[in-house]
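One-based numbering, in listed order, for ligands and for the atoms of each. Please read these numbers as outputs of a predicted model, since none were measured by experiment.
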Amino acid sequence: MTESTLFSPLRLPTFETSNRIFMAPMTRGRAHADGTPSDMMVDYYASRADAGLLITEGVCISPRARGWVGAPSIYTADHVRGWQAVTDAVHARGGRIFAQLWFLGRVSHPIFLDGELPWAPSAITPKQHVHSPTGETLDCVEPHAMTVEEIAATIAEYGVAARLAIDAGFDGVEIHAANGYLPDQFLRDRTNQRQDGYGGSVGNRIRFLREIVEECSKAIDGNRVAVRVSPRNLYNDIDDSDPETLFGTFADDMNRFGLAFIEVVEGLPGHYLFVDGAPVLPVMRSAYRGLIVANGGYTSDIAEQAIADGAADAVAFGTPFISNPDLVKRFEIDAPLNAADPSTFYSAGPHGYLDYPDLSQGTAEAEFKPLSLGEARKH
Ligand SMILES: Cc1cc2nc3c(=O)[nH]c(=O)nc-3n(C[C@H](O)[C@H](O)[C@H](O)COP(=O)(O)O)c2cc1C
């Protein structure tokens with residue numbers, strides 16, 4: 001058998017990707033205020049369509065899921081129509097695209113929720129802040145600990161959002177269970193201190209996410225559902241006393257669903273998401289029989305090696321895709337990469353969004369470097 005490379009196709013359960021260079025989900029804050037995708041977003045995703053798979057920025061599944069200025073949503077007919085324009089443009093260029101389903105939970109703020117408290121597994125205030133629509137920085141508040149009925153209602157909303165995503169033309173969905181947002185808040189013992197069937201043991205803490213996966217698998221085929229986790233990530237004031245056991249058990253548990261893939265975010269040494277401790281990716285790799293996508297500071301060389309070694313089946317690139325719409329081509333011919341400008345990551349308008357040069361326009365002066373700690377507001 002010939003060895004797989006970054007440029008080998010990858011057989012997902014429902015289609016084959018043209019390469020193993022995936023675009024990582026990245027919030028860019030360019031949607032309309034009501035969460036409808038803008039025309040700029042159509043161009044942004046379409047111009048990156050030669051990625052093996054595009055994963056969208058976090059997309060809020062319901063009004064209560066919100067908490068980020070300019071983030072898109074998927075719960076109204078307008079949202080679906082807006083996303084249809086994105087998926088049509090990506091498909092017209094031969095690309096494939098998954099929607100990342102997002103619920104912020106305790107790191108939202110009443111300002112986004114019509115004055116109501118954010119929901120969370122437990123009433124523990126995050127040491128975190130939000131940026132309001134009018135530009136103020138506001139401290140997070142003590143969230144409301146969800147009742148079992150509210151948990152059930154939220155799980156049902158994930159299923160509805162997954163269905164709407166398929167109606168909008170997406171090839172699948174990725175459940176955002178990483179980076180300290182709601183499903184991650186249930187997974188990790190710093191944020192989940194419940195005494196009922198959704199807290200305590202590892203099995204109980206996995207339950208919320210498993211039931212979301214189950215619900216989405218019923219709503220659309222399980223093989224169009226992916227999950228993203230970040231086992232050691234501390235962003236959003238989150239942590240766990242034993243990530244190896246938690247995420248190893250989670251990975252094993254996922255074998256029962258024919259998922260599209262599991263994406264594992266773990267910063268490589270030197271990367272802004274790096275956290276001390278042995279990587280959890282190999283533990284998950286040996287526990288899980290399906291496809292694994294790795295992310296967190298990969299260069300094309302390191303990614304190539306990870307695929308050759310069998311450490312992952314594909315690699316998702318985040319910041320390199322922000323500043324290089326033609327990243328796949330640049331990797332292919334080993335061209336230099338444009339540097340990414342963090343000051344425009346979440347700004348409004350086309351600057352820093354649609355105006356990075358492609359190869360025909362040359363390469364920007366500065367050279368691409370992985371972000372250092374504090375350079376980006378991490379997810
Ligand atoms: C501007 C920006 C926005 C991000 N938004 C999201 C997001 O919406 N969902 C998510 O899961 N991760 C998000 N992330 C994290 C990235 O997906 C990725 O994990 C991170 O950038 C590390 O990969 P990289 O080194 O290739 O950039 C974001 C990162 C950046 C820089």
Side-chain angles (χ1 to χ4, degrees), residues 6 21-31 35 41 44-45 48 51 53-61 65-74 98-105 107-108 131 173-184 226-236 238 262-275 281 293-303 306 312 314-324 327 331 337-348 352-353 356 368-379:
L6 265 183
I21 301 164
F22 288 11
M23 177 163 140
M26 284 179 295
T27 294
R28 304 300 313 275
R30 263 79 171 184
M41 290 166 64
Y44 172 76
Y45 286 110
R48 289 158 176 78
L53 179 70
L54 300 171
I55 307 170
T56 67
E57 61 208 287
V59 182
C60 298
I61 63 160
R66 292 172 306 160
W68 197 286
V69 177
S73 295
I74 187 143
F98 273 35
Q100 190 187 47
L101 301 185
W102 196 19
F103 196 124
L104 281 91
V107 290
S108 182
H131 294 280
V173 298
E174 181 186 73
I175 296 159
H176 190 353
N179 303 353
Y181 297 105
L182 187 68
D184 203 17
V227 183
R228 176 177 240 225
V229 292
S230 54
R232 286 199 186 273
N233 199 346
L234 305 174
Y235 175 63
N236 278 327
I238 200 154
I262 295 179
E263 187 189 1
V264 183
V265 185
E266 241 182 354
L268 297 171
H271 186 261
Y272 74 96
L273 293 177
F274 176 73
V275 178
L281 175 65
V293 180
N295 166 255
Y298 285 76
T299 60
S300 59
D301 288 348
I302 301 173
V315 173
F317 296 85
T319 35
F321 257 119
I322 288 184
S323 50
N324 297 278
L327 186 68
F331 279 170
L337 304 186
N338 300 313
D341 172 8
S343 73
T344 54
F345 281 180
Y346 305 106
S347 57
Y353 192 59
Y356 283 104
F368 182 86
K369 289 197 190 64
L371 293 188
S372 62
L373 193 67
E375 262 181 312
R377 273 171 59 200
K378 297 150 282 172
H379 267 242

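Residue Q100 approaches ligand 1 through these ligand atoms, each under 4.0 Å from one of its heavy atoms: 7 (C), 8 (O), 9 (N), 10 (C), 11 (O). Taking every heavy atom of T27 and a limit of under 4.0 angstrom, the matching atoms of ligand 1 come to 1 (C), 3 (C), 4 (C), 5 (N), 6 (C), 7 (C), 8 (O). Taking every non-hydrogen atom of H176 and a distance limit under 4.0 Å, the qualifying atoms of ligand 1 come out as 9 (N), 10 (C), 11 (O). Near A24, meaning under 4.0 Å from any of its heavy atoms, are these atoms of ligand 1: 17 (O). Residue V265 approaches ligand 1 through these ligand atoms, each under 4.0 Å from one of its heavy atoms: 19 (O). Listed by number with element, the atoms of ligand 1 under 4.0 Å from a non-hydrogen atom of F317 are 26 (O). If you number the atoms of ligand 1 from 1 as listed, the ones under 4.0 Å from a heavy atom of N179 come out as 10 (C), 11 (O), 12 (N).
At a 4.0 Å cut-off, at least one heavy atom of G297 sits close enough to ligand 1 to count as contact.
Residues F331 and N324 form no side-chain contact, since every pair of their non-hydrogen atoms from C-beta on lies 4.5 Å or further apart. The side-chain heavy atoms of I55 and R228, taken from C-beta on, include no pair separated by under 4.5 Å. Residues F321 and L54 have side chains not in contact (no heavy-atom distance under 4.5 Å, counting atoms from C-beta outward). Contact check for I238 versus N233: no side-chain heavy atoms found under the 4.5 Å cut-off.
By the criterion of a heavy-atom distance under 4.0 Å, the side chain of N295, and not its backbone, is placed next to ligand 1. At a 4.0 Å heavy-atom cut-off, ligand 1 touches P320 through the side chain alone. When heavy-atom distances to ligand 1 are checked against a 4.0 Å cut-off, Y272 comes that close only through its side chain, counted from C-beta outward. Contact annotation for Y346 and ligand 1: only side-chain heavy atoms (C-beta onward) come within less than 4.0 Å of the ligand.
Atom CG of D184 is separated from atom NE2 of H176 by 8.5 Å, given to the nearest 0.5 angstrom.
The shortest N or O to N or O distance between Y298 and ligand 1 is not under 3.5 Å. At under 3.5 Å, a nitrogen or oxygen of P25, whether backbone or side chain, sits near a nitrogen or oxygen of ligand 1. Distances between N or O atoms of E57 and those of ligand 1 include no value under 3.5 Å.
No donor-acceptor pair under 3.5 Å is formed between the side chain of E263 and the backbone N or O of A316. Listed for the T299 side chain is a donor-acceptor partner under 3.5 Å among the backbone atoms of I302.
Side-chain polar atoms of Y44 and R28 form a donor-acceptor pair below 3.5 angstrom. Side-chain atoms of D341 and S343 include a donor-acceptor pair closer than 3.5 Å.
Checking G318, A303, G58 against atom 24 (P) of ligand 1, the nearest heavy atom belongs to G318.
Here the options are I175, L101, L182, the test is side-chain contact (heavy atoms from CB on, under 4.5 Å), and the partner is I61; only L101 passes.
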